[in-house]
There are 2 protein chains.
Amino acid sequence: MSITIGEVTIGEAARLSGVKVNTIRFYEDRGLLPAPPRSDGNQRLYGDDHVARLRFIRHARDLGFPLPEVAELLDLAHRPEAPCDAADAIARRQLAEVQRRISQLQSLAGELERMIGFCAHDRVATCRILETLADHALCATDHHAGRDATSDVAIGTASHAGP
Amino acid sequence: MSITIGEVTIGEAARLSGVKVNTIRFYEDRGLLPAPPRSDGNQRLYGDDHVARLRFIRHARDLGFPLPEVAELLDLAHRPEAPCDAADAIARRQLAEVQRRISQLQSLAGELERMIGFCAHDRVATCRILETLADHALCATDHHAGRDATSDVAIGTASHAGP
DNA sequence: CTTGCAGCTACAGCGACTGTAGATGTTACG
DNA sequence: CGTAACATCTACAGTCGCTGTAGCTGCAAG
């Protein structure tokens with residue numbers, strides 16, 4: 001018989017996995033997806049296992065795992081007897097990273113909200129948003145510089161002071 | 001007189017602004033910072049206005065504004081008579097983007113927490129983390145594909161089905 | 001006069017793709 | 001069977017926002 005069910009082209013694999021065609025080739029190049037057999041006309045032919053692997057990669061990527069960690073997870077996934085501590089560690093590391101990014105973004109959102117709330121919707125000259133950026137610019141690096149910044153510093157296109 | 005106070009080298013400007021030397025040159029290249037005058041020995045000489053501008057850029061970048069928007073904000077900042085709606089719009093756009101990223105990351109963290117919570121800390125064969133990735137891999141793209149994925153798909157190195 | 005750091009230009013590299021050019025393969029229609 | 005339209009092939013450039021490097025030159029101190 002030799003029924004090779006589910007052997008699909010790269011385009012079909014892309015459709016089935018939700019990974020773009022170019023990205024599939026990219027993953028192959030990076031060793032995340034083994035090189036598939038080719039047709040007579042040199043076209044890649046993928047089986048269900050490839051497609052499943054692509055979906056695994058896609059999901060892991062959606063969760064924010066960088067490619068090296070995705071590779072690690074894939075590696076673990078096909079060694080069923082290995083202890084799962086490693087996978088746990090990777091997931092926890094990733095969770096910590098994600099939480100770090102969330103709190104970073106939250107303080108950032110808070111500052112943006114404050115900026116927007118203060119905006120008088122008048123002229124740029126009195127715009128709190130730009131003032132905030134300029135003011136913070138002046139004080140944000142006090143730990144770098146001892147010099148007391150004069151408050152009349154222009155943000156404009158630095159016209160160079162004549163010699 | 002022609003007292004050109006505060007003319008500093010690039011290294012000093014870096015220290016004062018918190019922007020790295022290479023990054024300052026990069027910003028100049030990208031048109032965010034005007035090319036400063038040079039010394040006899042061809043070295044850049046920055047004034048207070050340049051340093052203030054660098055601090056403005058740095059703060060805007062810290063808030064996550066991409067460079068083109070930073071450029072827009074800088075543009076606005078030195079046109080004091082322009083209405084500040086544009087700055088407001090940029091800030092609001094940025095806030096929306098940040099909030100979008102936060103909620104994305106939060107659902108992501110939720111999923112990671114669920115994965116980790118379910119982990120039996122046994123063998124990979126029963127590891128919920130890897131199963132979650134594989135399972136979701138199988139259902140996550142149902143909207144792409146009509147084909148009902150068989151549940152015995154291996155994630156392992158796609159050994160190609162013989163012809 | 002030498003030492004050593006700071007600055008100069010120009011370019012390669014990161015991560016994770018995306019998009020393109022130009023050649024070939026495959027398929028549908030007449 | 002021909003042809004048109006589309007899919008795939010390889011190979012490489014571009015994206016973003018830097019960072020780091022190599023191999024120079026400038027400059028202040030001892």
Side-chain angles (χ1 to χ4, degrees), chain A residues 7-33 35-46 50-51 53-74 93-94 97-98 101 104 108, chain B residues 7-33 35-46 50-51 53-74 93-94 97-98 101 104 108:
Chain A
E7 291 221 318
V8 294
T9 63
I10 197 169
E12 188 69 359
R15 214 179 51 73
L16 293 171
S17 65
V19 179
K20 289 189 180 178
V21 167
N22 272 349
T23 308
I24 293 176
R25 291 196 275 252
F26 171 74
Y27 287 158
E28 182 182 322
D29 185 60
R30 293 306 165 95
L32 273 95
L33 189 70
R38 302 287 186 117
S39 73
D40 293 347
N42 198 36
Q43 298 192 196
R44 290 168 179 85
L45 289 177
Y46 294 100
H50 290 95
V51 173
R53 202 173 160 97
L54 279 171
R55 283 174 174 160
F56 185 104
I57 295 169
R58 194 181 94 113
H59 193 60
R61 289 290 302 130
D62 283 350
L63 289 171
F65 292 96
L67 291 191
E69 300 211 336
V70 177
E72 249 183 288
L73 288 168
L74 279 164
R93 206 193 308 149
Q94 182 60 18
E97 173 63 20
V98 166
R101 264 155 48 199
Q104 225 178 26
L108 205 152
Chain B
E7 290 221 320
V8 294
T9 63
I10 197 169
E12 188 68 358
R15 215 177 50 73
L16 292 171
S17 65
V19 179
K20 289 190 179 177
V21 167
N22 272 349
T23 309
I24 293 176
R25 290 196 275 251
F26 171 73
Y27 287 159
E28 182 182 322
D29 185 59
R30 293 307 165 95
L32 274 95
L33 189 70
R38 302 286 185 118
S39 73
D40 292 347
N42 198 35
Q43 297 192 196
R44 291 170 178 85
L45 289 179
Y46 295 100
H50 290 96
V51 173
R53 203 174 161 98
L54 279 171
R55 284 175 175 160
F56 186 104
I57 295 169
R58 194 180 93 114
H59 193 59
R61 290 289 305 130
D62 283 350
L63 288 171
F65 292 96
L67 291 191
E69 300 211 336
V70 177
E72 250 184 288
L73 288 168
L74 279 164
R93 207 193 308 150
Q94 181 59 19
E97 173 62 20
V98 167
R101 265 154 48 198
Q104 225 178 25
L108 205 151

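Everything numeric here is computed off the predicted structure, so don't read it as measured data. Chain letters run A, B, ... following the sequence lines, proteins first and then strands; every chain starts at 1.
Side-chain proximity of A:Thr23 to the nucleotides C:dT18, D:dC18, D:dC9 is greatest for C:dT18. Closest to the A:Gln43 side chain, of the nucleotides C:dT26, C:dT9, D:dG17, is C:dT26.
Nearest-nucleotide mapping onto DNA chain D: of B:Arg61 and B:Asp40, the residue sitting toward the 5' end is B:Arg61. In this structure, B:Asn22 and B:Pro68 both approach DNA chain D, and ranking their closest nucleotides by distance from the 5' end singles out B:Pro68.
Distance A:Glu7 CD to D:dT8 C1': 16 Å, rounded to the nearest Å. Between the CZ atom of A:Phe26 and the P atom of D:dC9 there is a distance of 17 Å, given to the nearest Å. Atom pair B:Leu54:CG and D:dC18:C1' shows a separation of 15 Å (rounding to whole Å applied). With rounding to whole Å, B:Phe65 atom CZ is found 14 Å from D:dC18 atom P. Atom CD in A:Glu12 sits about 15 Å away from atom C1' in D:dC6, given to the nearest Å. Rounded to whole Å, the distance from CZ on B:Arg58 to P on D:dC18 is 11 Å. Distance CD (A:Glu69) to P (C:dG15): 13 Å, rounded to an integer number of Å. A:Lys20 has its NZ atom 15 Å from the P atom of D:dT8, to the nearest Å.
No side-chain heavy atom of A:Ser17 sits under 4.5 Å from any side-chain heavy atom of A:Arg53. Proximity of A:Phe26 to A:Leu67: side-chain heavy atoms (C-beta onward) are separated by under 4.5 Å at one or more points. You'll find the side chain of B:His50 stays beyond 4.5 Å of the side chain of B:Arg44, heavy atoms only.
B:Arg44 has a side-chain polar atom (N or O) that falls below the 4.0 Å cut-off from OP1 or OP2 of C:dC8. In this structure, A:Arg38 reaches the D:dT10 phosphate: one of its side-chain N or O atoms is under 4.0 Å from OP1 or OP2. In this model, the phosphate group of D:dT15 is not approached by any side-chain N or O of B:Arg30 to a distance below 4.0 Å at OP1 or OP2. Distances shorter than 4.0 Å separate some side-chain N or O of A:Thr9 from OP1 or OP2 on D:dT8. For B:Arg25, no side-chain nitrogen or oxygen approaches OP1 or OP2 of C:dG7 to under 4.0 Å. The side chain of B:Tyr27 contributes an N or O atom lying less than 4.0 Å from OP1 or OP2 of D:dC18.
A:Leu32 contributes atom CG, which lies 10.5 Å from atom CG of A:Leu73 (distance to the nearest 0.5 angstrom). Atoms CG and OH, on B:Leu33 and B:Tyr46 in that order, are 5.5 Å from each other to the nearest 0.5 Å.
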